[in-house]
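Worksheet: the structure to be examined is printed underneath.
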Amino acid sequence: MKKQELFNKVLAFFEKTMDATETELDFGSNFQLLVAVVLSAQCTDKRINMVTPKLFADYPDAETMAEATPEVIYEYIKSVSYPNNKAKHLVGLAQGLVKNFGGVVPSTLEELTTLPGVGRKTANVVQAVAFHKAALAVDTHVFRVSHRLGLVPKRCTTPYSVEIALKKYIPEHQVAAGHYWILLHGRYTCMARKPLCSKCGLAELCPSRKQFLDS
Ligand code: SF4
């Protein structure tokens, strides 16, 4: 099967079966989205949605969070992974937003990645969800599923190379949703340890299915 044909079939399947096209994180503004995405690194969205209501009630925007200390923010987020570093990043990024962007979340990769704790992956999620840009964040789920389905060549060993390879075949208007569909497939069906191949709607297309069904 030609690569574009494989992509078309995978995207068509997701379009038909997935409701969501954005994020499972709860937020009420671009600033809150950015905070939630930074917090979600190596943690579950469910856990983040448990801590952010109180955090956002007391620190709803960059101006208020820029005045806080990491120690205070830590108390709100101590149940998420790496709370010390994340507390420092949140205060630092709030201060960076106030100082350099008038408290407003910028829309470009270059600007977003000047903020503490904001790497390419976080910036791509914010660009896609907040600004509806054709940005594709490659996290551990997207990386794994892309390889298992044979969407990207084996030589793509970095998130950046997977991002470039995926964007070659996903139509621009579907990049943001496509990323999220692949992510959800990895989160709920094609899990790292025990993928649910026998229940997977993409099994017929998947070159990795046999490996897992036989094991
Ligand atoms: Fe993942 Fe298995 Fe589905 Fe392939 S068949 S995408 S390995 S769950």
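Side chains included, hydrogens not; waters and symmetry mates left out as well; all remaining heavy atoms used. Numbering of residues begins at 1 and proceeds along the displayed sequence. One-based numbering, in listed order, for ligands and for the atoms of each.
- Here K121 does not pair with E163 in a salt bridge; the nearest charged N to carboxylate O distance is not below 4.0 Å.
- Among all non-hydrogen protein atoms, the one lying nearest atom 4 (Fe) of ligand 1 is C206 SG, 2.3 Å.
- When hydrogens are left out, the protein atom nearest atom 6 (S) of ligand 1 is H185 NE2, 3.6 Å; that is the closest non-hydrogen contact.
- Defined by atom type and a distance below 3.5 Å, a donor-acceptor pair is present between the side-chain atoms of H141 and R144.
- Separating the OG atom in S107 from the NE2 atom in H132 is a distance of 12.0 Å, to the nearest 0.5 Å.
- Distance CG/D61 to CG/N30: 12.5 Å, rounded to 0.5 Å.
- Of all protein heavy atoms, the one closest to atom 2 (Fe) of ligand 1 is C197 SG, 2.3 Å.
- Between atom 3 (Fe) of ligand 1 and C190 there is no N/O/S contact shorter than 2.8 Å.
- With salt bridges taken as basic N to acidic carboxylate O contacts below 4.0 Å, none links E24 and K46.
- Atoms of ligand 1 found under 4.0 Å from any heavy atom of P195 (numbered from 1 in listed order, with element): 8 (S).
- T114 and E111 share no donor-acceptor pair across their side chains, judged by distance under 3.5 Å alone.
- Those atoms of ligand 1 with a heavy atom of F212 less than 4.0 angstrom away are 7 (S).
- Nearest to atom 3 (Fe) of ligand 1 among the protein's heavy atoms is C200 SG, 2.4 Å.
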